[in-house]
Structures are given as structure tokens and as C-alpha cells.
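Only one structure is covered here, and it is reproduced in the block below.
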Amino acid sequence: MSDEQQAQASNFLSSSKAYESHEVEAKWYARWEEAGVFEASHGDTDLRGEAERETYTIAIPPPNVTGSLHMGHACRTTFEDVLIRHQRMHGKDTLWLPGTDHAGIATQVVVERMLAREGTTRHDLGREVFIERVWQWKEESGGRILAQLRRMGASCDWTRERFTMDEMLARAVREAFVRLYEEGLIYRGSRLVNWDVATQTVLSDLEVEQEEGVEGEMFDFAYALEDGDGELVVSTTRPETMLGDTAVAVHPDDARYAHLHGKKLRHPFVDRLVPIITDAELVDPEFGTGAVKVTPAHDPNDFATGKRHGLEEINILELDGTLNAEGGPFAGMDRFDARKAVKQKLEELGFARGTKKHTMTLPRSQRSGTVVEPMISTQWFVKMEPLAKPAIEVVESGEIQILPEEWNKTYFHWLRNIQDWCISRQLWWGHAIPAWYCADCEEVTVARETPAACKGCGGTKLRQDEDVLDTWFSSALWPFSTLGWPDKTRDLERFYPTQDMETGYDILFFWVARMVMMGLHFMDEVPFKRVLLAGLVTDERGEKMSKVKGNVIDPLDVIDGSTGEALIAKAEKAGAAKSGVRYLKKTYPDGFMSYGADALRMTLLSYSPQSKRIALSIKRIEGYRNFSNKLWNAARFSLMKLDGEEARATGEAPAATALANRWILSRMAVALEAAETGLGSYRLDDASQALYHFVWDELCDWYLELSKPLLEGDDAALVAETRATLVHVLDATLRALHPMMPFITEELWQHVPKAYEVEGDFSTIVLAPYPTAAKDGRLDTEAEASFRVVSDFVKAARTLRAEHDLPRSRPIEIHWHADQAATAEVLLAEQKLVEALTQSSLKREEDGSLFDDPAAHFEDAALFIVPGLRAAVPGVVDVEKERSRLTRELKKIEKDLATVEKKLANESFVARAPEAVVAQEHERRSDFSARVERVRAALEGLG
RNA sequence: AGGCACGUAGCUCAGUGGUAGAGCACUACCUUGACACGGUAGGGGUCGGCGGUUCGAAACCGCCCGUGCCUACCA
């Protein structure tokens with residue numbers, strides 16, 4: 001050990017008994033980033049023999065540039081970081097490409113709010129100045145979320161950070177748009193679209209949320225026949241739309257209305273005759289009056305009906321949701337005011353025919369929350385069917401694997417029923433549509449660069465389309481646009497296709513499916529091999545986190561700690577409702593301790609990926625904070641024992657002869673195998689669980705305890721072997737845990753005396769080899785079987801102590817007899833260890849018959865009986881305690897025995913169950929019945 | 001309306017045909033030189049209900065009840 005290391009080590013050993021995450025996290029992230037350990041190969045260095053190295057790439061789901069870190073990000077970041085760190089340690093050339101999304105509407109809204117505070121609007125500034133302001137804002141505060149990802153430990157390659165509005169990506173967007181247009185897959189058309197009157201833009205179907213179970217009312221009113229001979233009653237939940245009615249439809253076979261076919265109705269407010277048409281598709285004669293008002297410009301079904309019958313489409317709305325001139329007397333009113341006014345006027349005119357309560361679903365804008373209006377508008381669309389087909393095929397063929405698998409169905413269902421995608425948005429912030437309109441002719445010029453002349457007439461009076469593209473259009477290109485496409489860059493060549501796409505299931509359609517389509521279309525290759533979908537993080541009650549509910553848990557508060565008051569203040573500032581504040585007060589009265597990033601990461605990893613909800617429990621985080629501490633102290637103990645000694649971790653399991661050493665290396669192999677399997681199959685919960693239990697239940701509970709007497713013994717070879725095992729197990733454990741708990745493992749690993757170094761700017765665990773069962777463990781079933789003898793014995797002795805209130809300070813003597821010679825040999829060989837763990841002295845009894853009537857041979861003895869072994873502890877018995885203890889034990893075994901006997905008495909079971917299962921039951925029966933007999937004998941001996 | 005999940009200990013969750021598990025909470029004891037953010041021992045479950053398949057079901061199938069999400073429709 002160098003002087004520096006030595007000094008560091010003793011400094012560390014005298015350090016805190018509890019793990020303090022704060023400094024450790026700050027120190028190591030800075031160091032890692034400085035040294036560039038997260039960077040993928042750049043092509044100009046050959047530090048780690050990149051030519052031969054396989055690549056492993058993850059494209060980050062880019063968070064909104066406006067955003068700040070929430071639990072969803074924390075979850076994404078942790079999962080991806082674990083995957084990428086694991087592969088990096090396996091020697092892959094890993095690229096985790098970070099970046100942010102320009103988030104059209106969200107960002108524009110944020111900046112507009114800022115302007116409102118300044119007393120101005122984007123319209124006052126004008127488009128160019130406004131966009132400048134957005135960029136300025138982005139430069140000032142857009143980096144916050146990326147800084148927060150660093151707090152989580154995200155090992156992204158920051159040298160390749162991207163933003164969806166970067167010129168590089170803008171070029172890709174133009175290229176993609178132009179190609180799709182030239183291929184006829186992008187078209188401009190007039191359609192009924194979803195209009196958000198608040199933000200005044202069109203929305204795609206996916207951006208519309210359905211609010212279910214809304215209590216509304218159905219209003220009936222009559223249209224008078226033109227000839228004055230009667231009326232026709234229709235129903236509506238949106239009375240104002242009658243101003244756009246251009247027909248009333250009845251079912252062709254409906255006898256009630258047969259006499260009205262071909263007649264006309266007089267519109268009460270506008271000078272228009274409304275024809276009565278027959279339509280079997282639109283009309284259900286059983287529903288309502290069996291007559292349906294048709295408003296082609298404001299309802300999807302009516303729109304289709306209008307197309308079938310060649311009806312006039314009358315748009316009655318302005319873009320802000322007020323009624324236009326078509327509204328006649330109601331022109332200029334807001335849509336909801338007009339609704340009331342129309343109803344009232346119809347009542348006055350005597351056309352109202354009553355209202356009924358009606359439960360309905362309201363379409364609301366995901367962004368503004370306002371009720372979306374269907375409106376006819378000319379927009380840009382992507383033709384989806386031809387793109388969807390190959391995207392379906394790659395999942396069917398397994399070229400892309402979706403995990404958990406149940407999402408396949410959802411993916412297929414959506415793609416098989418896909419609608420064309422409306423990609424234009426009436427916003428200012430976003431990618432401009434590369435289409436130009438000519439003042440002199442009808443031609444639209446779509447081009448990569450601003451065209452000099454109209455491609456139709458050659459005219460030069462061109463005006464660019466004022467709309468921008470849906471944010472998801474640029475996101476769909478993310479896996480290759482970030483690597484330089486359409487140029488054939490080295491990075492694109494080397495890192496595309498990526499391997500894993502990890503994200504929340506909520507954006508499977510929005511993003512994942514579209515990336516698959518675009519990747520296949522433009523790259524002719526899938527954008528990733530696996531899609532890993534995780535659940536959504538909710539509060540402890542399973543409710544979605546929302547600012548209003550006040551149940552948002554900020555990952556940074558969990559990492560750094562926060563007082564109850566601070567939590568409430570923050571929630572109130574964010575606009576929490578009173579009930580939300582109450583919930584917060586009740587659930588987290590004392591706020592959070594500082595749990596550290598590693599604990600938060602482990603907690604998020606501990607949830608099964610197939611659960612859709614991750615109901616984050618602070619108690620669980622606390623549990624993993626405790627685990628951090630356990631690991632910290634296990635390392636402190638080990639390092640203390642190794643301090644000043646020669647032992648060095650070699651990166652390979654040392655040869656071991658002692659049972660304890662053989663056993664822990666075997667358990668290490670099992671744990672590493674489980675970790676590797678879990679990490680490989682996206683069962684990060686299994687992987688982290690396996691290591692957690694290895695560290696706590698095996699390393700700490702048993703091995704460290706066993707190592708104490710071993711290290712203090714006088715057999716020099718044994719001491720050396722144990723030191724070698726201890727230092728190796730510590731080293732390998734830290735490396736195994738590093739992808740999950742990067743900070744604490746680095747801090748500890750730096751103090752582990754090692755005989756190997758990791759190449760690079762400094763020797764870091766980030767680049768250390770991931771441990772494997774073959775190299776770092778040694779499976780040893782014999783050692784495990786022998787160890788079971790020891791642990792059964794120790795546990796039984798401890799139970800006896802506990803039940804007889806025998807404090808550890810009181811030494812006891814244990815007389816034992818094993819049925820099998822092999823068992824006896826193990827206990828004789830490990831006698832010192834067992835004595836140390838049980839604070840007892842052992843005495844073997846060769847004659848098993850002594851235990852047939854223990855009372856006769858051991859004075860006042862308590863007994864324990866484990867499979868194949870009996871033991872007596874004389875001089876301690878409290879007859880009553882012993883009786884109740886043995887009775888309880890007897891009951892337990894008898895119950896087990898009864899179950900087994902019932903099974904074996906069943907002829908069908910014996911005849912049909914697999915032989916091995918039957919044999920196992922037989923074995924259990926003989927074991928149980930032997931123990932029952934022995935416990936009974938012991939009870940009888942008590943008198 | 002259809003689809004997809006989910007319902008396991010007081011709480012949060014694993015477990016997918018062969019002995020019901022973890023963490024937290026709970027009870028008792030223990031301040032032992034790694035760790036009280038700890039240790040040892042213990043209590044606690046008719047696996048939502050009812051049927052079926054099977055030698056055997058928490059798991060597979062059907063129905064029902066409850067919860068959540070998604071898609072569609074809603075004159």
C-alpha cells in the first residue's frame with residue numbers, strides 16, 4: 001500500500017460510523033465527469049482497444065427542457081444508468097446519449113407566462129423576438145434538469161448532449177419531412193381535427209384526454225317542417241352546434257319518419273333550410289327520438305355523414321372558441337355562453353322539448369385542460385398505415401422485443417387501428433414546416449433549404465408555412481438524428497441501432513411506436529433491439545402525483561432531506577389544494593431524512609417491472625438507506641481487519657480450504673449469477689434483491705461473524721486465506737453493486753487494497769470489470785451442505801437461548817449427537833466457529849441413546865432437535881418454559897407431518913406425481929416423524 | 001361498450017403447478033470493538049369470491065365482485 005493509500009485508509013477508518021451520502025455523491029460525480037469516464041469512444045483515441053469492442057447504446061428519453069426532475073425521471077434515469085453501467089463494466093463501448101426535448105406547447109406556455117408577468121404578449125413582441133426570448137430562456141434555465149440527472153448519478157456522455165432544436169437535429173427534421181413528402185407519406189389536407197381554443201392549436205388524437213363520467217345534460221328541441229306541417233325533435237349535448245346543422249338524419253327503415261323523407265326543415269335562427277336525409281350508419285332508431293341533427297363541421301360522425309351525402313360544412317367557430325358570423329344572432333359569443341343563449345332562445349320560440357341528465361365523456365386538451373372542439377381545418381398529416389406495417393412486423397418477428405411482454409398486445413392493437421397523424425401545430429416554438437406557398441399559383445414547394453422560386457410557376461413571391469411540427473415528430477427521429485443523420489457519421493455507423501429503449505409505458509404510442517416506424521423507414525433498421533417499459537411512479541396510496549394533490553415527491557428532497565415545513569411550503573407554492581397539504585402533513589409530518597441517491601435508486605429498482613404502478617414508499621427508501629449504512633459498515637469492518645496487512649484483492653476468487661471461506665465464495669457465485677440473469681432480462685428487481693440479500697443475510701449476518709474468530713486464530717495460513725477471501729468478497733460485492741449504487745461503491749472501493757488497477761485517468765470502479773460467478777465466485781455444493789449443518793445448529797442454539805432467557809453473557813455447554821458420521825465430522829471441524837457464534841462449549845456424545853431419555857443423563861437440560869441431530873444444554877431448564885417450547889415445536893412438526901402423510905396416503909398422488917416429488921415427500925415424512933418422536937420423548941422426559 | 005392489468009401478512013410488494021415469502025410495522029430480549037440506520041428470537045396470511053381442470057392451484061380456465069389504466073363511442 002502506498003503512503004497515500006495508507007493515509008487515506010486510516011483516515012477512512014476513523015470516519016463516521018454512518019454513511020454520509022452528501023459529500024460522497026458530490027465528490028465522485030465531479031471526478032467522473034472530469035475524467036471523462038462516461039464517454040463513448042470518439043474515434044480519435046484507442047484507449048481501450050475500441051476497434052474490437054462491442055457497443056452498447058441507450059438514447060435517453062429526452063426530458064422536457066422546461067422541466068425539473070420528478071420521480072418519473074428518477075426512475076427512468078436509474079434503470080437506464082444501471083443498464084449502461086453494467087454493460088460498461090463488461091467492457092462494452094457504451095453510449096448513453098443525453099439531451100432535452102424542446103416540448104413545443106409546454107415551453108411556449110412557460111415563456112408566455114413570463115411575458116404576461118412583464119405585461120406583454122408574444123403577439124406584441126412578434127414571432128422573431130418571441131423565439132429569441134425562448135432561446136434565451138432555454139440557455140438560462142434549460143440545463144437545470146440535466147444537472148439534476150447528474151445528482152441521480154446518470155453516467156451519460158455529456159460530450160454528446162443534444163437538444164431537439166439544435167441545428168443538427170433541425171436538419172434531420174427537414175430531411176425527414178421532405179423525404180416523406182416526396183414519397184407521398186406526408187400530405188396537406190382539410191380534415192376534422194381536435195382544436196384547443198386556449199392554446200389555439202390543433203392537437204393529435206393522442207394529445208386529447210377523455211374525461212369520463214361527466215354529468216351533463218341532453219337537450220331536446222324541435223325543428224319545424226318547412227311546409228308548416230309538423231316538426232322533428234332532435235337531441236344534443238351541445239345545443240350551440242345547431243347553428244351549423246346542415247341536415248337531420250333518420251333511419252331509412254324507421255316507419256315513424258317515412259313520410260318525412262326528402263322534406264325540409266326550417267332553421268329557426270339562420271336563413272337556411274335543413275334537409276331530412278336517411279342514413280343507416282349514423283342513426284340508431286332505438287336511441288332518443290331516432291332523429292339526429294347533423295353538424296358536419298363540428299362532429300366526427302357528422303363529418304363522415306356529410307361526406308356521404310355531400311352536405312355543406314358550416315364552421316361556426318372562431319379559433320378562440322367564440323361564434324363567428326355563421327352564428328347569426330349569437331355571433332361573437334363564447335361557445336358556452338352561446339350554448340345557454342341558444343337554449344333560452346329555443347325555449348322562447350317554443351321549440352324546446354325538455355332536458356334529461358346525461359353522463360358523458362368530455363375530450364380535454366392534455367396541455368390546457370380546455371374542452372377540445374372538433375373543427376375543420378387544413379393541416380399536415382403523416383400517412384401512417386404504410387409506416388405501421390413494418391413496425392408491426394419487427395415486433396412479430398422478435399427483431400424488437402418488448403418487455404414486459406404483455407405490452408405487445410397494446411402495441412399491435414394501436415398500430416393495426418392507426419389513424420393518420422396530424423403533425424402541424426399552430427405554435428411559434430418548434431420546427432418550422434419546410435413548405436412554401438406561392439403568391440402566383442396554387443403550387444406548394446417543399447424543400448430542404450429555403451427555395452428561391454416556386455417549383456410550379458417559377459414565381460419568387462413565396463411565403464413559408466407559418467405552422468410548426470408536433471414535438472413528437474422530431475422525437476421520433478431521436479435515435480438517429482442525435483447521431484448525425486442524415487450524414488453517415490462515424491457515430492451513426494457505430495452506435496445505431498441502439499440496444500435498449502427504456503421508458504414509461506405511457507409514451508408507448510407517442511414515442512416508442514413512432515421511433516420504430518421512423519427508424520425502419522429512414523435507416524432501414526430497427527432503432528433498438530429491446531423496449532423496456534416501466535410503470536408510473538405514484539404516491540403511497542397509488543395515486544398519480546400532481547401539484548394540486550400536493551403529493552409530488554421531489555427526488556432531490558429524498559436525496560438531500562427536507563423538513564416537513566419545507567415540503568408544505570413547496571407544495572403550496574406549486575399550487576397544492578388544501579386536501580393535498582393535509583395529506584402531506586399527515587403522511588410526512590417530519591419531512592424526509594437525507595437518504596442519498598443510492599438508496600433512492602435501490603428503492604426504485606426494487607419494484608417489479610411488470611407492475612404498472614410504483615407506489616413509492618418512503619419507508620422503503622429508508623430501508624435502502626439502512627442498507628447503504630450496512631454496506632458501509634461491512635466495508636469499514638473489513639478494511640479495519642485488513643488494515644496494514646498484505647492481503648490484496650486480485651479480481652479473482654482466491655483458493656479457499658476453510659468451510660466459511662468456501663461457503664461465502666459459493667454464495668457469491670450464486671448471487672452474481674442471479675444478478676447477471678436479472679440485469680440481462682430486465683429484472684432489475686431480482687438483480688438488486690439478490691445482491692441485497694447476499695450482503696445483508698449472508699455476508700454480514702454470517703460471514704463477517706465467522707471471519708472474526710478465523711482472523712483471530714493462530715493458524716497463519718488460515719488467517720491469510722481468510723483475509724484474501726474477505727478482501728476479494730468485498731471488492732467483488734462493491735463491483736457487483738456499482739451499477740445500482742454508484743456513489744457508495746466508488747467511495748468504498750477506492751479504499752479496498754487491490755493488486756490490480758483499472759486503466760484510465762484514475763482507477764475507478766466505473767471502469768472496473770463486472771464480477772462474474774465463474775471468476776469471482778466458486779460454486780461449492782459440498783460447502784453449502786456442510787454449512788447448513790453449522791447454521792442449523794447455531795440457529796437452534798440461539799433459539800434455545802432466547803426462549804430460556806439465557807443472556808449471551810452466560811456460558812452454556814452443549815452436548816450433541818449426530819446420526820450421521822458426516823454431520824458429526826462437520827461439527828467437529830467447525831467446533832470453534834460454532835462455539836464462538838453460540839457463546840458455548842460443545843461436547844460430542846458418541847452414544848445417541850443418551851438422548852432417548854435425556855432427563856436421565858443430562859441434569860435440568862433444555863433440548864434442541866434439528867434434522868439428524870440432537871443436543872442438550874444441561875443446567876438451564878425451566879420446566880414450564882421448556883415444556884411450552886417443545887410443545888410448540890411439536891405442534892409445528894406434527895402439522896407438517898400430517899400434511900405430508902395426507903399426500904402420501906393419496907393413491908393418485910403416489911401413482912401420478914413425478915417420482916422425484918414423491919421421493920421427496922417420503923424423505924420429508926421420515927424426517928418429520930423422527931423429529932416428532934424425539935420431541936415427544938423429550939417432553940415425556942420432563943415428566 | 002371493448003381491451004389490458006391488478007386484488008397475497010396491518011402497510012408497500014415479490015412469488016406462475018409441488019413445504020406461502022421480503023422490507024417496514026408489531027412483541028420479547030440484547031447498548032457484544034463493523035453497524036441501534038444494529039443484533040437475536042418470535043407472532044401474524046381460508047393468497048378477493050364461487051365454480052372448473054389437475055394426484056396437487058396463490059399460480060391454469062370460466063364466471064362474479066372490487067380497483068386502476070388504455071382505446072372507442074356517446075344525437
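In what follows, chains carry the letters A, B, and so on, assigned in the order in which the sequence lines appear, proteins first and then strands, with residues in each chain numbered from 1.
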Query raised in the report: Of A:Phe627, A:Phe637, A:Phe743, A:Tyr19, which is the lone residue that meets ring-ring contact (aromatic ring centres under 6.0 Å, His included) with A:Trp632?
Result: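 Single ring-ring contact (aromatic ring centres under 6.0 Å, His included) partner of A:Trp632 among A:Phe627, A:Phe637, A:Phe743, A:Tyr19: A:Tyr19.
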Between [N] and [M], how far is it from one [atom1] atom to the other, in whole Å?
| N | M | atom1 | result |
| --- | --- | --- | --- |
| B:G66 | B:G49 | C1' | 11 Å |
| B:U12 | B:G17 | C1' | 27 Å |
| B:G62 | B:C24 | P | 39 Å |
| B:C37 | B:G42 | P | 24 Å |
| B:G45 | B:A72 | P | 47 Å |
| B:A59 | B:U19 | P | 14 Å |
| B:C55 | B:A5 | C1' | 32 Å |
| B:U46 | B:G21 | P | 15 Å |

**Report entry** A:Tyr692, nearest nucleotide to its side chain (from B:U71, B:G23, B:A25)
**Finding:**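 Of all the options, the side chain of A:Tyr692 is nearest to B:G23.
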Report task. Could you run through nucleotides 3-15 of chain B and give me one letter per nucleotide, 5' to 3': B if any protein heavy atom sits under 4.0 Å from the base, S if only the sugar-phosphate is that close, - if neither? Result -> -BS------BSSS
Please name the nucleotide paired to [N] by Watson-Crick or G-U wobble geometry with both distances under 3.5 Å, or report none.
| N | answer |
| --- | --- |
| B:A9 | none |
| B:C63 | B:G49 |
| B:G17 | none |
| B:C35 | none |
| B:A72 | none |

Query raised in the report: Checking A:Ser688 side chain against A:Met602 main chain: does a donor-acceptor pair fall under 3.5 Å?
Result: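 Flag not set: sc A:Ser688 to bb A:Met602 has no pair under 3.5 Å.
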Query raised in the report: Distance from A:Ile744 atom CD1 to A:Glu20 atom CD, nearest 0.5 Å?
Result: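 Rounded to the nearest 0.5 Å, the CD1-CD separation comes to 11.0 Å.
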**Report entry** Any A:His693 side-chain heavy atom under 4.5 Å of A:Glu698 side chain
**Finding:**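 In short, these two side chains do not touch, never coming nearer than 4.5 Å.
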Salt bridge or not between [X] and [Y]? Use side-chain N to carboxylate O under 4.0 Å.
| X | Y | result |
| --- | --- | --- |
| A:Arg912 | A:Glu907 | no |
| A:Lys892 | A:Asp896 | no |
| A:Lys612 | A:Glu406 | no |

Query raised in the report: Listed in order of residue number, which residues of residues 586-602 of chain A have a non-hydrogen atom at under 4.0 Å from RNA chain B?
Result: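 Contacts with RNA chain B under 4.0 Å: none.
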Query - Shortest non-hydrogen separation from A:Val248 to A:Val274 and the atoms involved - result: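 Scanning both residues completely, I find the closest heavy atoms to be N-CG1, 3.8 Å.
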Requested in this report: Remember a base hit wins even if backbone is also touched, and classify A:Glu286 as base, sugar-phosphate or nothing at under 4.0 Å, heavy atoms.
Outcome: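 If one applies the 4.0 Å heavy-atom cut-off, A:Glu286 turns out to touch nothing in the nucleic acid.
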Report task. Inspect the surroundings of CD in A:Glu217 and state if more than 12 heavy atoms from other residues, nucleotides or ligands are less than 6.0 Å away. Result ->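 Yes, the 6.0 Å shell around CD holds more than 12 heavy atoms from other groups.
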